[in-house]
Structure formats: structure tokens, C-alpha cells
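Indexing begins at 1, ligand by ligand and atom by atom, following the structure's order. One is the number of the first residue; the rest follow in order along the sequence.
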Amino acid sequence: MVMRHTGRHFLQIPGPTNVPDRILRAMDHPVIDHRGPEFAALTREIIQRLPTVFQTTGQIVIFPSSGTGAAEAALVNTLSPGDRVLIFETGHFSQVWRRIAEQLGLDVEYAPGSWRRGASESDLESRLAADERHPFKAVVVVHNETSTGVTTRVGALRTAMNRVGHPALLIVDAVSSLGSIDFRQDEWQVDVTVVGSQKGLMLPPGLGFNAVSEKALAASRNAKLVKNYWDWRPVLEQNRAGFFPYTPATNLLLALREALRMLQEEGLQNVFLRHDRHARATRAAVQAWGLDIVCEDPREYSSSMTAFFMPDGHDADRFRSLVLEHFDMSLGAGLSKLAGKVVRIGHLGSFNDLMLAGTLSGIEMGLRVAGVPHREGGVTAALQSLAQEIATEQPIG
Ligand SMILES: Cc1ncc(COP(=O)(O)O)c(C=O)c1O
């Protein structure tokens, strides 16, 4: 039987996320001249508003690209062939970084990890302390590992780097954390932050970002990896007048301006609190069902998504297909070695309590339909968690 769906699709993968109607309307605009005054004003407003979201006063380069493109841009602008780079294994997306870095001709040390924990500051400290002559030119870490729902404490990594006094650049993938989980570019002295548009920024896929420190800009003057399209300099130069050195993604930039206005109206701290609250309620549900959350350390629970294991003998992809078929909801698949084993729930971006309640209800019904052994009461536990927190919540600002 072909299911006919009514109402709205539930897009509960951990990105791309739901794009609010207000942003869709902002994009629904005749294409403008990318060398005209209206476009220059758009760029200027974006450049003025964007740093707040990264909690930086530094410069941000915007590319028409996916997050992977922005990752390549971070490396080619700061490093030279053969440079040593330390990358922490946290999951599928750390593997992607390793592949990009190796293909670019960098000398990668891949610090092994379990996929249930974030990058460890003590491991970083001992690796850097052993690196007395400082050949590591960069440390790369994924802030929120989207394949596992584990958030590395980047502030603790920075403290470890400073304790050892190591001069390596700190490059952070904040693709699934920026605009959802507290991320502090300046306070944590992050040198390049890599982001894509399709998650916490509530936009469709298609924009990539590099937020760059003064130290990264200085490194870029000597970086010898080959680049043309990804070169930061012409973008930053032309941005000063409100333009780009190629035809930019004009309508995505209209969308970005609207998203930045929305984030500012809600207040960044309130955005973080909302994500924290939804994440706690989601975990309350998963734990009440008696299912195992991938993240092992409560200090590293992700606020933008939650991944849980299917019980042995039950295929996560079959479960996801049943949920899609019966309830018109997309859930995130397990990636790489977690394929078929985990389900990922996205609770980030443009999202609210009732959307979460609907999401968790779809999962609970799906567990029944698929015959997956679980305890009753997950949705009830989540509703209790949400209601209890609302009763005591103090919005900021
Ligand atoms: C943490 C992380 N890094 C990198 C990427 C790659 O981004 P993109 O798929 O936009 O190239 C993703 C995509 O989901 C991600 O979640």
C-alpha cells in the first residue's frame, strides 16, 4: 500500500533542519544584482550581525558551499604541504576531516577515540607536551559530532593547549553546534571555525563559513597549499565594499539576513537554553524507553541532537523506514560504522516543544509498530521534563 501523507512532513534529521516560513519568504524574492547597491547593503548587514552568533569580533568568510567545502577552505588557507595536523577521532565527521587533510597532502596524526566520547583534553595535553619542537601546525576537532551526539568541550581543549604553551592553530568544526550550542570563538581562542548553513542557522544547505582569528589570518599569509576559489583574501577584500569575487548565492544571503535577525530577536542565550531543554526532554524519553544513548559522558551530551542504539537484533534503518512510511517523519541514519545500529534525532534549529512532542510520539509509535522491545512512558517523561522546566524558566533579556 502506498501511504498518502497529509499535513507537514517532520524533518527530524540533525540537519538540514526545518526552515521557518519567515526565512522561506525572505528567500522568495526576485534575484538582485550582485554588484548593485541593494546587494552591498545586504552584505554589510550580514557582516555586521554574523559575528555575534560566533561570539567573535573577528572576520568571517562566507562561501557558496557545503560544510565540507568550508572544511577544505580552513585547511588550504592556513597550512602548507606536509604540515603536521592532529585530528581527534570522534566519529564519522572526524573521519571526513582526516580524509580531506590527507588528500590535501597534510601529515595527519589521527588520535583514536571510541565514538562515544569527545576529544579528551588530557590526551591533547600529553600529545602536545610530547611535541617539543612544535611540528603540529594545527589541531582539528569536531565540536558536536553529528554522527554520535557527543559534544567536545572545546574550552577545556583550549585550556590544555595554553597550559602546554603549544602554538598550533585550533580549527573547530561547529557545523552542527553553531546557533544551537554555546560556541565561543574568541573566549576559546579558536583560530578557524567551520560552519554550514543548514543546521542551527535554520537555512537550506548551500552556505559555508570560516570564522577566522588574527592568528589564522597571519598564518594564511604563509600557507602554501594550492587554492583559488577557497582563498579568503579576495573575499575579505571585496566584502569591505559589500561584494564577492564571484557570483554569490544571493537568495541564500537574503535568507541568512533574516535568520540572523531571528536569532537576535530570540537572544542567543535563549536559543541555547531552548536547545538544552529539548535535549534534556529527549534524553528523558530515550532513557524511559530503556534504550541506550550513544554519548557515554553526561558532560558531553549534545543539545542539538540525540543518538541512541537499537537493541541487538533490530535494524535501525528498518525502524526509520517504518517511521517514515507511517508517520511521515525523517530520522537520522547511523553513519559509517554505526550504520543500521543507531537512530539520530535532530532537535535543533527552528523547533519548539510541540514539535518535539510530535517527534517523540512518532518514535514511540514506531517502536511499537516495529516490534522493538522498550518500556512504556518515554513521551510522558519528556512532557514532564518540558512542563517542569517551563514552570521554572527565566528567559534572558
Ligand atoms: C559535524 C559535521 N561536519 C561536517 C559536515 C559536512 O557538512 P556538509 O554535509 O554540509 O558538507 C557535517 C554534515 O552534516 C557535520 O554534521
Side-chain angles (χ1 to χ4, degrees), residues 11-19 54 61-76 85 87-104 110 113 115-119 139-154 157 170-183 190 192-211 229-230 249 252 255-256 259 275 279 294-295 300-307 330-336 338-339 342-349:
L11 182 66
Q12 297 314 139
I13 57 176
T17 62
N18 296 288
V19 178
F54 288 77
V61 187
I62 308 170
F63 294 107
S65 81
S66 77
T68 309
E72 179 164 337
L75 298 177
V76 295
V85 178
I87 301 180
F88 281 88
E89 179 182 15
T90 48
H92 171 81
F93 290 102
S94 69
Q95 274 180 188
V96 172
W97 274 95
R98 178 190 194 177
R99 193 191 62 225
I100 301 170
E102 286 178 349
Q103 286 181 352
L104 289 173
Y110 194 52
W115 290 42
R116 298 194 73 173
R117 295 269 165 112
V139 172
V140 176
V141 69
V142 178
H143 183 208
N144 185 71
E145 177 52 76
T146 324
S147 61
T148 62
V150 176
T151 306
T152 285
R153 286 162 306 130
V154 175
L157 295 188
L170 178 59
I171 299 178
V172 179
D173 174 336
V175 171
S176 59
S177 57
L178 190 95
S180 306
I181 300 171
D182 197 359
F183 178 83
V190 176
V192 189
T193 302
V194 172
V195 171
S197 51
Q198 71 273 24
K199 310 217 183 213
L201 290 175
M202 307 178 287
L203 304 173
L207 292 178
F209 302 84
N210 280 177
Y229 181 74
W230 297 120
L252 282 176
L256 173 59
H275 283 80
V294 175
C295 179
E300 298 179 330
Y301 281 147
S302 166
S303 283
S304 60
M305 53 156 303
T306 302
S330 297
L331 294 167
L335 299 174
S336 305
L338 297 179
V342 309
V343 174
R344 297 176 301 140
I345 312 168
H347 35 75
L348 73 164

Side-chain donor-acceptor pair present, Ser336, His92, cut-off under 3.5 Å: yes
Sequence neighbours excluded, every pair satisfying side-chain hydrogen bond (donor to acceptor under 3.5 Å, both in side chains) that has a member inside residues 192-207: Gln185-Thr193
Under 3.5 Å side-chain donor-acceptor pair for His143 and Ser177: yes
Gap separating the OH atom of Tyr110 from the CZ atom of Phe88, nearest 0.5 angstrom: 11.0 Å
Donor on one side chain, acceptor on other, Ser176 and Thr146, under 3.5 Å: yes
Given Arg116, Gln95, Glu145, the one that forms side-chain hydrogen bond (donor to acceptor under 3.5 Å, both in side chains) with Thr90: Glu145
Using a 3.5 Å cut-off on N/O to N/O, what pairs does ligand 1 make with the protein? A line per pair would be great.
unit_1, atom_1, unit_2, atom_2, d
ligand 1, 3 (N), Asp173, OD1, 3.4
ligand 1, 3 (N), Asp173, OD2, 2.5
ligand 1, 10 (O), Gly67, N, 2.8
ligand 1, 10 (O), Gln198, NE2, 2.8
ligand 1, 11 (O), Ser66, OG, 2.8
ligand 1, 11 (O), Gly67, N, 3.2
ligand 1, 11 (O), Thr68, N, 2.8
ligand 1, 11 (O), Thr68, OG1, 2.5
ligand 1, 14 (O), Lys199, NZ, 2.6
ligand 1, 16 (O), Thr146, OG1, 2.5
ligand 1, 16 (O), Lys199, NZ, 3.4

